[in-house]
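Structure first, then comments.
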Amino acid sequence: MKNILVTGGAGYIGSHTCLSLLEKGYDVFVIDSLVNGSIESLERIKSFIKKKSKIKSNLHFFKVDLRNFSQTLQTFEKLASEGIKIEAVIHFAGYKSVFESIENPIEYWENNVGATLNLLRVLANYKCKAFIFSSSATVYGLNMKSPISEDSNTLPINPYGETKIAVEKILKSFFKSAKSTTSIACLRYFNPIGAHESSVIGEDPKGVPDNLFPYICKVANKELGLLKVFGSDWPTKDGTCIRDFIHIMDLADGHIKTLEYLTYNKPCCITLNLGTGKGTSVLDLIKTFEKVNKIDLNYSFVNRRDGDTPIMYANPLLAKKLLGWKAKKDINDMCLDGWNWFKNNPNGYR
Ligand code: NAD
Ligand code: UD1
């Protein structure tokens with residue numbers, strides 16, 4: 001397999017995965033509307049690869065909104081007319097904010113589900129061997145006992161999570177259909193944080209972030225005054241919530257291993273957790289960040305946030321069994337690499 005189409009490749013997880021794909025020798029074709037991604041991330045990847053391996057990187061970009069069926073179709077037709085056969089698709093493109101999804105559910109259904117339907121409709125005409133979808137641990141909903149395995153019930157509690165489970169279901173029916181020869185993997189990510197160790201690329205949230213790690217970086221940088229820790233009375237060892245933070249480059253590697261698995265095995269449809277299997281409390285993450293980066297963070301405890309669950313971490317054994325994949329980096333690496341990126345790029349890609 002050589003030619004990989006990456007939707008949402010200019011975003012956070014997509015850009016890190018593109019870099020890993022290029023390092024492995026794949027040719028990468030990115031489709032992105034740039035609604036939340038940056039072309040600069042792709043330019044930086046190109047120069048990084050060129051400097052490192054002294055070869056021109058095979059990274060190509062198409063500014064396409066997947067909600068637009070004809071734009072999407074034309075992109076595939078153009079590639080085919082140039083003799084480029086797309087062998088696999090990694091589908092990152094989508095909206096990802098829980099809070100926005102509650103305020104604008106229709107936008108979320110249209111972009112996360114409608115756009116995926118367009119992509120699948122186009123793909124049905126091209127014999128693509130593998131399709132990898134970015135799902136989320138959010139599909140498990142609240143109060144699931146950790147470690148959570150893939151056969152746990154899925155009970156999303158917000159439109160964002162509902163769109164993720166809807167796409168998983170669509171992909172399962174697509175796989176079962178008589179015409180399909182495409183293997184499918186739905187990857188349920190836990191909490192990706194950090195950045196590439198070179199600090200060439202990283203996470204570049206627009207506005208005030210909802211998620212913990214980018215918020216920590218903005219407080220460390222004194223761009224935001226105070227980190228509010230949501231709840232100190234959860235039933236955990238230190239009263240703060242526990243999550244499964246995973247280094248972004250381990251997550252990127254999980255995609256490479258999935259691609260290899262789908263390539264070398266019989267047609268299949270799999271659902272996998274991508275997490276470390278280790279729970280880290282919010283306070284542990286703050287203390288580690290302070291220690292490894294020698295920075296004091298200004299934080300204080302406030303009330304619990306609506307819709308939070310106290311403990312959530314993965315059972316990652318199925319990914320280990322099928323893919324031979326396991327997260328290698330720890331929270332020290334995540335805090336070091338994440339802060340290094342932020343410190344060197346306080347305005348992100350701008
Ligand atoms: P991101 O917003 O950084 O990247 C998404 C990319 O998709 C952006 O570059 C955006 O411009 C593009 N995009 C959005 N809608 C598009 C459309 N209609 N057509 C073309 N491009 C479009 O997000 P991310 O953090 O990289 O997440 C990638 C995927 O992983 C998303 O589907 C997200 O729901 C899922 N996910 C993310 C996390 C996380 O913590 N970051 C956790 C679980 C799942
Ligand atoms: C969030 C999303 C989830 C997504 C996941 C991974 C919500 C409700 N859920 O989950 O859908 O799959 O990210 O990207 O947004 N915290 C603070 N102060 C802050 C921010 C967060 O104390 O300023 C706490 C939260 O209460 C939580 C933990 O830090 O306990 C992690 O929060 P966050 O980064 O938003 O991730 P999740 O809640 O796990």
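Every value quoted in this text rests on a predicted model; they were computed, and no experiment measured them. Values reported hereafter were calculated over all heavy atoms of this structure, with side chains retained and with hydrogens, waters and symmetry mates removed. Whatever order the structure lists them in is the order used to number ligands and atoms, beginning at 1.
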**Request:** For D210, counting its heavy atoms only, list the atoms of ligand 2 lying under 4.0 Å from any of them.
**Result:** 20 (C), 35 (O)
**F190: numbered ligand 2 atoms lying under 4.0 Å from its heavy atoms** = 6 (C)
When only distance counts, is [X] in polar contact with ligand 2, meaning an N/O pair under 3.5 Å?
{"X": "N211", "answer": "yes"}
{"X": "S136", "answer": "yes"}
{"X": "V282", "answer": "no"}
{"X": "N191", "answer": "yes"}
{"X": "V229", "answer": "no"}

Going by atom types alone, do [X] and [Y] pair a side-chain donor with an acceptor below 3.5 Å?
{"X": "H91", "Y": "T116", "result": "yes"}
{"X": "T271", "Y": "E150", "result": "no"}
{"X": "S70", "Y": "N68", "result": "yes"}
{"X": "S101", "Y": "Y95", "result": "no"}

**Prompt:** Does E100 have any salt bridge (charged side-chain N to carboxylate O under 4.0 Å, His left out) partners at least two apart in sequence or in another chain, and if so, which?
**Reply:** none
Note the single closest protein heavy atom to [atom], along with its residue, its atom name and the distance in Å.
{"atom": "atom 30 (O) of ligand 2", "value": "C241 CB, 3.0 Å"}
{"atom": "atom 22 (O) of ligand 2", "value": "F230 N, 2.9 Å"}
{"atom": "atom 38 (O) of ligand 2", "value": "R305 NH2, 2.8 Å"}
{"atom": "atom 26 (O) of ligand 2", "value": "D308 OD2, 2.5 Å"}
{"atom": "atom 34 (O) of ligand 2", "value": "L212 N, 2.8 Å"}
{"atom": "atom 11 (O) of ligand 2", "value": "T138 OG1, 3.1 Å"}

Salt bridge present between [X] and [Y] (N-O < 4.0 angstrom):
{"X": "K78", "Y": "E82", "value": "yes"}
{"X": "E40", "Y": "R350", "value": "no"}
{"X": "K237", "Y": "D284", "value": "yes"}
{"X": "R304", "Y": "D308", "value": "no"}
{"X": "D250", "Y": "K329", "value": "no"}

**Message:** So, using side-chain contact (heavy atoms from CB on, under 4.5 Å) as the criterion, who are the partners of S15 when residues are at least two apart?
**Reply:** S41, I45, I201
**Asked** So, for F92 and H16, is the gap between ring centers shorter than 6.0 Å?
**Response** no
**Asked** Using a 4.0 angstrom limit on heavy atoms, which residues are close to ligand 1?
**Response** G8, A10, G11, Y12, I13, D32, S33, L34, V35, N36, G37, V64, D65, L66, F92, A93, G94, Y95, K96, N111, S134, S135, S136, Y160, K164, Y189, P192
**Prompt:** Counting only heavy atoms, which portion of V98 has something under 4.0 Å from ligand 2: side chain, backbone, both, or neither?
**Reply:** side chain
**Message:** Let me confirm one number: the CG-CG distance from L117 to L66, rounded to the nearest 0.5 Å.
**Reply:** 11.5 Å
**Request:** Kindly state each residue pair satisfying ring-ring contact (aromatic ring centres under 6.0 Å, His included) with at least one member in residues 61-89, sequence neighbours excluded.
**Result:** F76-Y126
**Complete:** Looking only at non-hydrogen atoms, the one of K228, R243, M312 nearest atom 31 (C) of ligand 2 is R243
**Request:** Run the contact test for F213 against ligand 2 with a 4.0 Å cut-off on heavy atoms, strictly below, and give the result.
**Result:** no
